[in-house]
Every structure is written in structure tokens, then in C-alpha cells.
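These numbers were taken from a predicted model, which means no experiment stands behind them. Just so we're on the same page: letters track the sequence lines, and every chain starts at 1.
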Amino acid sequence: DGGITQSPKYLFRKEGQNVTLSCEQNLNHDAMYWYRQDPGQGLRLIYYSQIVNDFQKGDIAEGYSVSREKKESFPLTVTSAQKNPTAFYLCASRTGGSETQYFGPGTRLLVL
Amino acid sequence: AQTVTQSQPEMSVQEAETVTLSCTYDTSESNYYLFWYKQPPSRQMILVIRQEAYKQQNATENRFSVNFQKAAKSFSLKISDSQLGDTAMYFCAFMGTHGSSNTGKLIFGQGTTLQVKP
């Protein structure tokens, strides 16, 4: 069953802690994206990767880091430098020849 | 920089009626893509419809259709025969195609919450 999975569904972060959100896809898509959604707002791009071992900053990359060691995986780390991490995080992917992005189910990050 | 604006934070419609959601955008590019995504209470983002700027014909997907006015930079979504399952937040999104490095970055509007009433 092809698709995009994100885990965990809910994540709690303590002050000063780094946490990692997982995003996996078995669609053989080349490009992957991370978006942040705050209440009542649209999505904003954090990081994206068009190919393995390469990624670029989006509009709100400060306090976040990513890696792209495998085509299927694009984990996002929320570092302690991100002072307001409470949000809903969505991962998306698309194949190189298509304009359409497909989204995972999202991870809700809360600060304790 | 490109921007997308949805000026209706909330809307409601009676079941079986028709509703139109507005979206305007700003860009200097001549070719691009526009999308409407639906986000129901589950928060899963679902593609509703897409339009390529160079195509004159408005896109249609079953009960969903768009009114694309390129000169006015307007991209509204019409939902016909509204159903209770259409209750969701709807996002308009823009993707540019400038240059050879088409990154696929989506720029989203703020969203419109649609309530379909029985």
C-alpha cells in the first residue's frame, strides 16, 4: 500500500531538548518537503530536498535541521534553538515529473 | 515574492447548495500551477483540484470546479451540491515553475473554514 507515513502522531518536547519527526514514503518520489502549520494559518515551508544527500532551506528553517540519506526518508529535527516549536508538522513528497505534492498525516508537536 | 490571499476566514453553506471560495495571488511569472487542498478535521491534506496557468480551460473534478482569471490573478473554487463531508478547511496554493530548478515549493493562503449545514 503506497503512501507517506509520519511518526509519531503526537510528540512532546521538554525545554532544551531536540526531537526528531519521522517521514517515510514508498512512492519512489524524488522530492520531499517539510511544512509547519500554526492554528488558523496556512502551511509554511521549513526544508525541502529534491535528491538524496541534498536539501535546501525553506522560508522558516531557523531552529530546524534535516537529512536525506535515503530516497524514502526525510527526518526533521526540531532543535532547542527553535523557541516556539508547538505546531502541526506535515511532510509531503512528489515525483520529479509531476507538479502535485502528496501529504502525510502529520505530527502534532507540543512543548511540556 | 509570490503571495496567496484568501479573504474569507469562514463560510457556511446549506447541504445541497453551491458555495464559492475566493483566492487571489500575486506573481510575476507567466507559467505556474494553482491548487486547492482540503483539510478535514483529521488534518490530512487532500488535493481537490489543480490548474496550470497556460491552460485556458477551467479545471473540473466532479462537484468541484474553478474559475481561473489569469489577468485578475484570481482562482476561486466552486463546490456544487455541497455535502456534509465537504466540511473542512480549504487552502489555495501556488507553485511557480520559473527556471530549470523547479523546486516544487508550494505557497499557501491562510485558509477558509467551510461548514456545511444539514
Revision key, fill the gap. Applying a strict 4.5 Å limit to non-hydrogen atoms, the region of A:Q41 in contact with chain B is backbone
Check your understanding: Between B:F64 and B:Y90, what is the ring plane arrangement, given parallel below 30°, perpendicular above 60°, and tilted in between?
Key -> tilted
Review point. A:Q56, A:E99, A:R94: which one forms the most heavy-atom pairs within less than 4.5 Å of chain B?
Key: A:E99
Point to revise | Contact origin within B:R50 toward chain A - heavy atom pairs under 4.5 Å | key: side chain
Review point. Is it the backbone or the side chain of B:M45 that comes under 4.5 Å from a heavy atom of chain A, or both, or neither?
Key: both
Check your understanding: Are B:F94 and B:Y32 near enough that their ring centres are under 6.0 Å apart?
Key -> yes
Practice item. Assess the pair A:F55 and A:F74: is the distance between their ring centroids shorter than 6.0 Å? Key: no
**Study point:** Side chain, backbone, both or neither of B:Q6 within contact of chain A (heavy atoms, under 4.5 Å)
**Key:** neither
Practice item. Determine the interplanar angle of the A:H29 and A:Y102 rings, folded into 0 to 90°, and report it as parallel if under 30°, tilted if 30 to 60°, perpendicular if over 60°. Key: tilted
**Study point:** Region of A:R44 in contact with chain B, defined by heavy-atom distances below 4.5 Å
**Key:** neither
Point to revise | Contact origin within A:L45 toward chain B - heavy atom pairs under 4.5 Å | key: side chain
**Study point:** Parallel, tilted or perpendicular: ring planes of B:F75 versus B:F68, cut at 30 and 60 degrees
**Key:** perpendicular
Check your understanding: Measuring heavy-atom distances to chain A, does B:L106 have an atom under 4.5 Å in its side chain, in its backbone, in both, or in neither?
Key -> both
